[in-house]
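See below for the structure under consideration.
Just the heavy atoms: all of them, side chains too, but no hydrogens, waters or symmetry mates, feed the values below. Quick note on labels: first sequence line is chain A, next is B, and so on, each numbered from 1.
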Amino acid sequence: MLDTNFIFNNINEVKENLLNQGFKFDSDSFNVVYQKRKELITQVEALKQEQNKFTKEISKQKRKPNEKELLGIKELIEKIKILDSQRKLVEDDLATITLGIPNLCDSTVPIGKNEEFNVEITKYGRIPKFDYEPLDHTEIGKKLNLFDLERASKITGSRFNIYRGEGAKLERALINFMLDFHSKNGYEEIFPPFICNDKSFVGTGNLPKFEEDLFKLSNSNYYLIPTAEVPVTNMYADEVIDKKNLPLNFVAFSACFRSEAGSYGKDVKGLIRQHQFNKVELVKITSEENSQEEHEKLTNDACSILNELELPYRKVLLCTGDTSFSSNKTYDLEVWLPSEKKYREISSCSNFKDFQARRANIKIKSNNKVEFANTINGSGLAIGRTLVAIIENFQQKDGSIKIPNKLQPYFNNKTHIK
RNA sequence: GGAGAGAUGGGUGAGUGGCUUAAACCACCGGAUUGCUAAUCCGGCGUACGGAGUAAAUCCGUACCGGGGGUUCGAAUCCCCCUCUCUCCGCCA
């Protein structure tokens, strides 16, 4: 969430920045509520001061108030009550408005309304050449019995999957490989709950606006997490962190659950868009002055996994229209999929600046100065999509799949799936 | 699931209706002094919001002792509801 005073003092810049993201900010009604709140605070506090003065006087004189005084003070208290409840309503209104406003985009983010305006930064790796038409991952998976989408839909429904045999082992190998890699790189390993309460989701920006993307547990305020970002970022909610300990670096594996409402008809084939998938997530908590640098570092750390696995990919800077609600700046990493002959998102690395920290109330302290933290996160990587990329990019003419060299120690030192 | 005990500032922790402007200690910051990896002494030190101030410094005010209600002229303190933590019992992978 943005600071209300900042919005008020920079109303036109904020409006323009948000418009670049396709968000029409109603600045007039914001101003009305903002001013109304100030008025009510001023009024109610003046009355409270009057009441406190009276109370202190009584206390000092060590006596009880007489009947006439009581009558007057009770009238005052009644006024305070009325104004106070009005103030509360207005503050709720203001909170509703600000919680629904997206983060501003960094000045380096290209302006554009959709993914066509994203900017490719660099390409890495070599795109494999096949002297036959490469198969897609569902065909290969079926032939080698790596997963079983049909039976998954029987036991749960569409967009769920059962990994089987070598497929299950490959999924597990990737999880372990990524966790180990990032741990050695200075990230503390976290194994979080896969269910969080509503407050946590407000903290990261998923609620109140995007409830339809989530699976909610009935009769509770609990939701299944769509990413480990939610529990890990909120670990430090309502805390003040000593600046000396920054940055905090976390790597977390979790299953991720997304209702994918509104995505019907898109990428329905195979493992690309599932209701449940595995992901290793990187999260950093840092300070304002270091967040850009840490964002670049985190993105590079995610890239390293693709490099280690010898997967061809590109790094893309998202435009304003494609940058998500909470993010200030996002790089997507897109891996090459031979069957589609195009790059597909496998990681999204975002700098949220203090947007999430203000919502979750994560602060940092140094020399008696307290400020909101900056939060950064990115996939390092989405496991299912990595598995798809390996299957497709490392498919061999004889129908086998080569296992990338660095992954082999995690795969019983086997070189191929046959 | 049952019973009991708790939740106070960055941390530990005192405080059972007005003497609290929340003690004390630790940590932190500034200064002094002595000089063996530091010690001692002095001082400072919460957050949010509103107002004054060109601004910074600063000053004034209001609220905040897990969260929400209530009683009272006055609540960290009394009452009600909720959440969480710990201990014991039960059940359980």
Across all strands, who's sitting opposite [N] as a Watson-Crick or G-U wobble pair, both distances under 3.5 Å?
| N | answer |
| --- | --- |
| U54(B) | none |
| U21(B) | none |
| A48(B) | U62(B) |
| U16(B) | none |
| G90(B) | none |
| U37(B) | none |
| A76(B) | none |
| C84(B) | G6(B) |

**Prompt:** Do the rings of Y331(A) and H295(A) sit parallel, tilted or perpendicular, given the 30° and 60° boundaries?
**Reply:**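 The rings of Y331(A) and H295(A) lie parallel, inter-plane angle below 30°.
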**Asked** Would you call the rings of F215(A) and H275(A) parallel, tilted or perpendicular, where under 30° means parallel and over 60° means perpendicular?
**Response**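 Correct class here is perpendicular.
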**Item:** Over all atoms of both residues, closest heavy-atom pair of F194(A) and F253(A)
**Value:**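 Closest pair (atom of F194(A), atom of F253(A), distance): CE2-O, 4.1 Å.
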**Asked** Shortest non-hydrogen contact from V119(A) to P110(A)?
**Response**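 Heavy atoms only, the tightest pair is CG2-CG, 3.7 Å.
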Is the closest side-chain heavy-atom distance between [X] and [Y] below 4.5 Å?
| X | Y | result |
| --- | --- | --- |
| L387(A) | Y163(A) | yes |
| K38(A) | I41(A) | no |
| I390(A) | L311(A) | yes |

Roughly how far apart, to the nearest Å, are [N] and [M] at atom [atom1]?
| N | M | atom1 | answer |
| --- | --- | --- | --- |
| C81(B) | G2(B) | P | 15 Å |
| C80(B) | A3(B) | P | 16 Å |
| A22(B) | C79(B) | C1' | 23 Å |
| A57(B) | C64(B) | P | 26 Å |
| G68(B) | A14(B) | P | 24 Å |
| C84(B) | A23(B) | P | 32 Å |
| G61(B) | A5(B) | P | 41 Å |
| A56(B) | G69(B) | C1' | 42 Å |

**Fill in**
Nucleotide by nucleotide, nucleotides 70-86 of chain B touches protein heavy atoms under 4.0 Å in the pattern (B base, S sugar-phosphate only, - none) ---BS------------
**Request:** Go along nucleotides 48-67 of chain B 5' to 3' and tag each nucleotide: B for a protein heavy atom under 4.0 Å from its base, S when only backbone or sugar atoms are that close, - otherwise.
**Result:** SSSS---------BBS----
**Request:** Starting at atom NZ of K244(A), determine the distance to atom P of G11(B), rounded to an integer number of angstrom.
**Result:**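 Spelled out: NZ on K244(A) to P on G11(B) is 15 Å.
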**Asked** Between atom CG in N361(A) and atom C1' in G10(B), what is the gap in whole Å?
**Response**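 Interatomic distance, CG of N361(A) to C1' of G10(B): 14 Å.
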**Prompt:** Honestly, is K363(A) close enough over F372(A), meaning NZ or CZ under 6.0 Å from the six-membered ring centre and within 45° of the axis?
**Reply:**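 Yes.
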**Message:** Could you check whether E229(A) and Q356(A), counting side-chain N and O atoms only, form a donor-acceptor pair closer than 3.5 Å?
**Reply:**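 Q356(A) vs E229(A): donor-acceptor pair found between side chains.
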**Request:** Quick one: list whatever passes side-chain hydrogen bond (donor to acceptor under 3.5 Å, both in side chains) with T204(A), sequence neighbours left out.
**Result:**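 Once residues adjacent in sequence are excluded, the partners of T204(A) under the side-chain hydrogen bond (donor to acceptor under 3.5 Å, both in side chains) criterion are N206(A).
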